[in-house]
Amino acid sequence: MELKVRIVAASYRREDVAVELFGRTEDNRSVTVLYRGFRPHFDVIEPDDIYLKHLKDAGQFVSSEEKKLWYEGSYRNALRIYVRSPWEVPNLKKMTDKPVLAADIPFHHRFIYDMDLGACTSVTGEINSKEEKNFTTEMVIDATAFSQCEQFNPPLKILSFDIENSIQTQEIYVIGYAIYDGSSYVKGAITGSEKEILQKFVELISREDPDILTGYNIDGYDLPLIEDRMKKHGVRFAIGRDDGIPRRIQNQYWRVHGRVISDTWWNVKKILHPKNESLNAVAKEMLGEGKDNINRLKIEEEWQARRQEVIEYCIKDAYLTLEIFMKLRVPERSMFMASVSKLPLEDVMNGGTSNYVDSILIREADRMDVGVPLTVYRDKGDAITGGYVKSIGAGIYRNVIVLDFKSMYPSMIIKYNICFTTLNPEGQIIAPNGIRFLSPDVRQGLIPKILKDLMQQRDDVKAKMKRSDPKDRAFYDGIQNAVKVLMNTFYGVLASSFYRFTNPEIGAAVTAFARNTITGLIEKLISEGNKVIYGDTDSIFIESGNESLEETVRYGEMLSEKLSREENLSLEFEKVFDPFFSHGAKKRYAGKIVYPYDQAGTTLVRGYEVRRTDSFDLQSEALSKVFSLILDNKPDEAVAYAREIVEKVQRGEGIPISKLVISRSVKDVREYEKKESHNLANVRVAKKMLEMGETFVPGMKVSWIVTNGKKTPQEVEPYIEGNQFPYTPDWSYYAKRLEETLSRVTEGIDQQSESRLGNKNGQVTLDSY
DNA sequence: CGTAATCGGGG
DNA sequence: GTGTACGATTACG
């Protein structure tokens, strides 16, 4: 039989060294695919006989094959060695002094690369009916062959769960869940004795057989706690598709055979960067709905007094989490990324980006007989020089055109044939940092070739997208966007300090070419009479001399068209700001978008941190107000407002204490003792609260007011909502902090404001009031 | 100023 | 499991 499968996760088992692929078929069934007989292998440059003897003595040698591999600038004699046990390879690679290549590739990846599997793959095989292992999937297949197939996004089954447990005793009261299978939601809760809850939880996952497990902060909270309670009750934490148990990787995320464990909290952080990352805040923001009203800090009492409400609350948390997960389109986006990088979903969702590059690059290297070096650790210290950033003068600018290079770094790599396979002192292409590359007609670089293919692939997909009907359009758009991400990832790993193909000189050559390109262009623009006000890496900001928006847009279109043609590069006219403001620091600006028209009216603030964890409400409110006045073309009012509010705070007039509150959470007070961290304001506040007889539970957020900021450490007093605050805030401290924040911005408006709100060094002179 | 430690979410 | 893998912020030296 033949099945088309979207691979969710890949692994292997030791017993018979069978590779296990788990996934969902095109007709929406979960499946386990087993393949036996694949051998681990790695390459050694010019090995000696004694090494082969050692391998044989260790009972690991299976066979070998002579190769010629491109290694450090030339083709060398190499031996591809096939061995018995994947888990022995780390030891075997240490048993020789000769260069060992491709000996740190996880076995299931080696399999996927060698078989050239895609994220979706056509599997030929037979139903396995006598498999003794307890797989939870609908089918188990013994595979005999694999072939390419088109990519598809099946409706994955996702299970979100949440626990309520005692803070005092850790006992789990209830596990709530919500399941989405692509068409409908199912919700429920598991109650009973703790042991029953745990057993039923394992049964639920085994019966429902979800592809993805999620929840809010499950990586760091729910899963460790469940693991702990399972151990206590002697229940096997068997939630894998092979009946296996999950393991925590690097004290961070979790891995279990056959499923993806993806914490919604992490996805929220990565995609949304919200100021407040709590489930309640994120749900309100995204879904317009918050959590139920349960006092989590008194969960024991709540469980006794209003059990049913706690259960409902628990289910709701699981459901809200699932909705957020879906609304962020995590599964969909990950499937697109998996398709273009040809990886199982799990590697995309939980692995690092170097996986993407490995998957594409190692396959191509194998086809071209290029040796695949091991990952070596380099000093992180000498980071390469990055992009060019033009300094910007303080002020308000009108009708600012933004031009963007399309895929700047990939274009540089292709144009100058930049690659570890073309690096050569005889090369005709000389990078600004002095290193040389062979020209493409002498030797086409591996990475440039891959990027060229990816660019072509992206253009093809975009063209297809235009021709297709609306329902397919979103699919192609997802693919083309993932290709773009993948292309940029290639530069990312070249510049990173640890990747198998990393060479700092090569990364530096890419950015050096890019800097030359953009500075050359800026010079040209200026020589033609343009007012270039700013630029960063791959963008150029020009203050158009035109009065009207229509003229500005026409001018922007003309510039991008003319420059792209004249300079033979791809420069896009991206947007127009009006007004555009900066106080004179790189990477910090704010502007109102007026073009493209569908974004008109949006305010874009870059680099100015309106939200800071240690800021008080008044600070962020005042800063936002100042920005909005500036961008409404009322700079004078902005300066006046800033001045007024600072004065008010200095005098302590009419400012509600609540707007000065600084909050932060505190772990168990004892955890800070040994680390000399008791100077931390939040820790001191927690201690004071305990002394005052206030409720303090480890992990709780505490709030305080600074009463003397001049002392070290500063004096702080707990702020307890609802209670009268019996101390006087250090008004000067607050005025100073507020002024530091506001003056940085108002300084930029004009020269006079500098004397009004502070001096040029950013130092504050309160005397001026 | 650069580096090491801590936090955030969860109950 | 042939894998070293959070980002931003703050305190400390």
Side-chain angles (χ1 to χ4, degrees), chain A residues 11-14 39-42 83 85-94 100-111 162-174 215-225 247-253 255 257 263-270 273-282 291 294-300 302-303 310 313-314 317 321 347 350-355 358 372 374-375 377 380-381 498 500 609 611-615 664-667 671-672 675-677 679-683 697-701 712-713:
Chain A
S11 48
Y12 77 96
R13 56 186 189 192
R14 285 196 181 196
R39 295 285 185 196
H41 62 80
F42 55 88
V83 297
S85 316
W87 60 91
E88 286 297 337
V89 175
N91 299 323
L92 304 179
K93 75 182 177 200
K94 287 185 222 147
V100 177
L101 304 176
D104 59 354
I105 300 165
F107 187 56
H108 64 275
H109 285 150
R110 183 77 267 171
F111 175 79
D162 179 45
I163 62 179
E164 305 304 323
N165 69 285
S166 160
I167 298 172
Q168 316 285 340
T169 69
Q170 304 279 77
E171 184 195 343
I172 294 171
Y173 297 140
V174 52
Y216 214 80
N217 195 21
I218 50 172
D219 282 357
Y221 188 78
D222 301 51
L223 289 170
L225 185 74
R247 304 175 300 124
R248 190 149 194 209
I249 310 291
Q250 288 301 115
N251 211 28
Q252 211 171 237
Y253 64 90
R255 176 162 280 189
H257 284 191
D263 192 325
T264 295
W265 177 44
W266 282 106
N267 288 290
V268 163
K269 283 167 80 89
K270 215 164 58 183
H273 308 287
K275 175 186 173 186
N276 187 340
E277 301 167 346
S278 70
L279 176 57
N280 189 35
V282 175
K291 291 169 59 130
I294 292 283
N295 187 347
R296 296 170 0 192
L297 299 175
K298 294 183 176 163
I299 186 75
E300 290 86 357
E302 296 277 47
W303 182 246
V310 173
Y313 165 90
C314 184
D317 276 10
T321 301
D347 294 288
N350 281 334
T353 49
S354 61
N355 274 334
D358 262 358
V372 175
L374 304 179
T375 300
Y377 284 95
K380 261 206 220 157
F498 49 90
R500 60 177 79 249
E609 211 40 87
R611 38 169 209 234
R612 281 184 65 103
T613 51
D614 62 340
S615 68
R664 187 150 232 209
S665 73
V666 189
K667 300 187 180 220
E671 285 191 47
Y672 296 93
K675 284 163 193 153
E676 305 258 339
S677 318
N679 274 354
L680 296 169
N682 55 339
V683 179
V697 188
M700 199 173 105
K701 233 179 200 139
T712 333

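Every chain is numbered from 1 and lettered A, B, ... according to where its sequence line falls, protein lines coming before strand lines.
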Phosphate-side-chain proximity, Tyr12(A) and dT2(C), N/O vs OP1/OP2 below 4.0 Å: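 Checking Tyr12(A) against dT2(C): at least one side-chain N or O falls below 4.0 Å of OP1 or OP2.
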Check whether any side-chain nitrogen or oxygen of Lys291(A) sits under 4.0 Å from OP1 or OP2 of dG9(B), and answer yes or no.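 It does not, given that no N or O in the side chain of Lys291(A) lies less than 4.0 Å from OP1 or OP2 of dG9(B).
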Among [options], which is the nearest nucleotide to the side chain of [X]?
| X | options | answer |
| --- | --- | --- |
| Val89(A) | dG9(B), dT2(C), dG11(B) | dT2(C) |
| Pro40(A) | dT2(C), dG11(B), dG9(B) | dT2(C) |
| Pro106(A) | dG10(B), dG11(B), dT2(C) | dT2(C) |
| Asp162(A) | dG10(B), dG9(B), dC6(C) | dG10(B) |

Let's test your reading of the model: under 3.5 Å, does the base of dG10(B) pair with the side chain of Asn217(A) as donor and acceptor?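 Result: at least one qualifying N/O pair found.
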Do any N or O atoms from the side chain of Glu164(A) and from the backbone of Tyr173(A) form a donor-acceptor pair under 3.5 angstrom?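 Pair absent, no side-chain N/O of Glu164(A) close to backbone of Tyr173(A).
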Base-pairing assignment for dT6(B) (Watson-Crick or G-U wobble, both under 3.5 Å): dA8(C)
Within the structure shown, what part of the strands sits under 4.0 Å from Leu279(A) by heavy-atom distance: base, sugar-phosphate, or nothing? sugar-phosphate
Which part of the nucleic acid, if any, lies within reach of Asp219(A) when heavy atoms closer than 4.0 Å are counted: base, sugar-phosphate only, or nothing? nothing
Distance between C1' atoms of dG9(B) and dG7(C) (Å, rounded):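 It works out to 14 Å between them.
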Between Trp266(A) and Asp347(A), who's closer to the 5' end of DNA chain C by nearest nucleotide?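 Nearest-nucleotide comparison on DNA chain C picks Asp347(A).
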Between Asp219(A) and Arg248(A), does a salt bridge (Lys or Arg N to Asp or Glu O under 4.0 Å) hold up when you go through it step by step? CA-CA 8 Å; Asp219(A) 282 357; Arg248(A) 190 149 194 209; over 6 Å; no
dG7(C) P sits how many Å from Lys270(A) NZ, rounded? 7 Å
